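As the structure is a prediction and not an experimental result, all values here were calculated from the model. Index from 1, following the sequence.
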Amino acid sequence: MKIFPPDSLGTDTVSPRNILFIGGTGVISAAAAERVVALGHRLTVLNRGRSAGRPVPDGAEVLHADIRDPLAVREVLQGREFDAVADFISFTPDQAFAGLEMFRGRTGQYVFISSASAYQKPPTTLPIRESTPLKNPFWQYSKDKIACEELLFEAYREQDFPLTVVRPSHTYDRTKIAMVGGWTDIHRMRAGMPVMVHGDGTSLWTLTHSRDFAKAFVGLLGRPQAIGESYTITSDEYLPWNQIYCLFARAAGVPEPELFHVASETIAAHSPELGPNLLGDRSHSVVFDNSKIKALVPDYRATIPFADGAREIVAWHDQHPELQVVKEDYMELSDRLYERNLRP
């Protein structure tokens, strides 16, 4: 048994568990992998080995196979069993069904990472809880996540499949810029150009650092109380979009950015690529109730304010010029809608 200082990892002692991550190099999975290893669990990461952006932590076992190839997965796993399997990369019902078939009888817990965008849009009440209906008519991504949940919960009810569902909202790390235009918006701020904000900028949004998310997520792995349950995991900080953009501006050294506002429906009409995410998620105020995950993981508390997160993001991009991609199509869209806003 490994012992850690209480302040460093949020727990005094940890009973090692045998955990499999499918994926393991994404925003939330990479942070969770680091915490799993730090807590002394035995972590196996299964992926295709094609992502180098977020390395697997030292001490984790890495197996390479395409999860969409069942024969290859069975070969590399060689009949092994796990205390918990976390599926970070199933997005459609057929993918969820394949995971169900692959790990039925081979794990004590199967954690499906869904999305808080699956909750009712627009929400009729706040805060959003696990009891909030799942309904999102705007975004196919969310519809697919809902369908995955329905399939897996049916397997739990009818076949005792050991399912736990986790619904993160907007989770970020230093590589992810939360503004719609990404680095293009930072570029426009620094160039003194007007920056587009969807809606009137007053809708509330919740941003959760991946390291905070990992505290709660890893805390529910291998927990029998979590079987058959769903959990929202987010920060308890919620900010209006105007403030989010201003925090990025300050981090970029721009004290007074010029923001202009465009209805989300208008942006969607001019950009089919941006429309579903805006109408199905970002344009709605979201305030989450995290009391259920805190009841299971009592020491969970998100401690990284987005003011710090924005500085971390901008500093990271400043250190990596190759990531400072200015998207010409978004530049053109911003200019066009700004000019449209100026017309009487």
Side-chain angles (χ1 to χ4, degrees), residues 4 7-11 19-39 41 43 45-47 51-60 62 84 86-91 111-118 141 145 164-179 182-183 205-221 231-239 244 247-248 251 277 281-282 286 288 290 293-294 296-297 299-317 319-320 323:
F4 297 91
D7 291 339
S8 65
L9 294 172
T11 185
I19 296 169
L20 173 68
F21 277 11
I22 304 170
T25 58
V27 171
I28 63 175
S29 59
E34 289 181 2
R35 187 166 179 86
V36 165
V37 171
L39 286 170
H41 298 305
L43 176 64
V45 173
L46 174 68
N47 59 39
S51 176
R54 300 177 188 88
V56 174
D58 293 339
V62 180
D87 179 0
F88 294 92
I89 58 173
S90 286
F91 302 100
V111 184
F112 173 70
I113 289 73
S114 184
S115 169
S117 70
Y141 167 81
K145 286 291 190 178
T164 299
V165 168
V166 171
R167 301 187 188 114
S169 186
H170 192 153
T171 307
Y172 69 94
D173 65 5
R174 60 189 180 178
T175 71
K176 296 296 182 181
I177 299 174
M179 295 181 294
W183 179 261
W205 194 244
T206 300
L207 292 150
T208 309
H209 199 291
S210 60
R211 293 197 300 272
D212 279 336
F213 175 89
K215 300 174 191 175
F217 182 79
V218 176
L220 62 74
L221 297 180
Y231 296 91
T232 304
I233 301 177
T234 73
S235 169
D236 292 317
E237 178 185 49
Y238 42 91
L239 302 168
I244 292 169
L247 288 173
F248 271 115
N277 176 265
D281 207 15
R282 291 181 183 229
V286 289
F288 297 98
N290 284 283
I293 186 63
K294 290 177 180 177
L296 183 70
V297 187
D299 58 354
Y300 170 58
R301 185 168 64 91
T303 58
I304 303 173
F306 190 67
D308 291 346
R311 286 192 288 268
E312 179 184 354
I313 292 166
V314 173
W316 170 256
H317 282 78
Q319 294 164 11
H320 293 82
L323 302 178

Point to revise | Closest non-hydrogen atom pair between A178 and L207, with its separation | key: CB-CD2, 3.7 Å
Practice item. Please test Y238 against V286 for side chain to side chain contact (heavy atoms under 4.5 Å, CB included), starting from the C-alpha separation and ending with a verdict. Key: CA-CA 8 Å; Y238 42 91; V286 289; over 6 Å; no
Point to revise | Distance (rounded to the nearest 0.5 Å) between D87 CG and T164 OG1 | key: 12.5 Å
Review point. Just how far is it from atom OH of Y231 to atom NZ of K294, taken to the nearest 0.5 Å?
Key: 15.0 Å
Point to revise | Polar side-chain atom of K215 near backbone of R301 as donor-acceptor pair, under 3.5 Å | key: yes
Exercise for review: Only counting residues at least two apart or in another chain, list the ones meeting salt bridge (charged side-chain N to carboxylate O under 4.0 Å, His left out) with R311.
Suggested key: D308
Point to revise | Taking every non-hydrogen atom, the tightest pair across S114 and P168 | key: O-CD, 3.5 Å
Exercise for review: For W183 and H317, test the side chains for any donor-to-acceptor distance below 3.5 angstrom and give the result as yes or no.
Suggested key: no
Check your understanding: So how far is it from L247 CG to L239 CG, rounded to the nearest 0.5 Å?
Key -> 6.5 Å
Practice item. State, yes or no, whether a side-chain contact exists between L221 and R35 at a heavy-atom distance under 4.5 Å. Key: no
Check your understanding: Below 4.5 Å, heavy atoms only, C-beta onward: do K145 and F91 meet side chain to side chain?
Key -> yes
Review point. Who are the salt bridge (charged side-chain N to carboxylate O under 4.0 Å, His left out) partners of E237, not counting sequence neighbours?
Key: none
Practice item. Measure the shortest side-chain to side-chain distance between L20 and L46 over non-hydrogen atoms and say whether it is less than 4.5 angstrom. Key: yes
Exercise for review: Output the distance between atom CG (D281) and atom OG (S169), rounded to the nearest 0.5 Å.
Suggested key: 6.0 Å
Revision key, fill the gap. Residues Y300 and I293: closest non-hydrogen pair is CD2-CG2, 4.1 Å
**Study point:** Within-4.5 Å side-chain heavy-atom neighbours: D236 and N290
**Key:** yes
Exercise for review: Take W316 and D173 through the test side chain to side chain contact (heavy atoms under 4.5 Å, CB included) and record every step on the way to the result.
Suggested key: CA-CA 10 Å; W316 170 256; D173 65 5; over 6 Å; no
Check your understanding: Any donor and acceptor pair, going by atom type alone, linking the side chain of S90 with main-chain N or O of F112 inside 3.5 Å?
Key -> no
Practice item. Could you walk me through whether I313 and F248 pass side chain to side chain contact (heavy atoms under 4.5 Å, CB included), step by step? Key: CA-CA 9 Å; I313 292 166; F248 271 115; 4.0 Å; yes
Check your understanding: Is the closest side-chain heavy-atom distance between F21 and V111 below 4.5 Å?
Key -> no
Point to revise | Closest non-hydrogen atom pair between V37 and A60, with its separation | key: CG2-CB, 4.2 Å
**Study point:** For G24 against A33, the heavy-atom pair lying closest together
**Key:** O-CB, 4.5 Å
Check your understanding: Does any non-hydrogen side-chain atom of I89 lie less than 4.5 Å from one of N47?
Key -> no
Point to revise | Test log, rule ring pair (Phe, Tyr, Trp, His ring centres under 6.0 Å), inputs F88 and F217 | key: CA-CA 12 Å; F88 294 92; F217 182 79; 5.5 Å; yes
Check your understanding: Any donor-acceptor pair under 3.5 Å linking the side chain of H209 with the backbone of R211?
Key -> yes
Check your understanding: With a 3.5 Å cut-off and no angle check, do the side chains of K176 and S210 form a donor-acceptor pair?
Key -> no
Point to revise | side chain to side chain contact (heavy atoms under 4.5 Å, CB included) evaluation trace for L220 with V166 | key: CA-CA 10 Å; L220 62 74; V166 171; 3.9 Å; yes
Practice item. Would you give the length of the straight line joining atom CD1 of I113 to atom OG of S29, rounded to the nearest 0.5 angstrom? Key: 8.5 Å
Check your understanding: Are V27 and F213 side-chain neighbours, meaning at least one heavy-atom pair lies under 4.5 Å?
Key -> no
**Study point:** Sub-4.5 Å side-chain heavy-atom contact between H170 and R282
**Key:** yes
Study note, to complete from the structure: Shortest non-hydrogen pair, Y172 vs P305, comes out as OH-O, 4.2 Å
Check your understanding: Taking atom OH of Y141 and atom OG of S117, what is their separation to the nearest 0.5 Å?
Key -> 5.5 Å
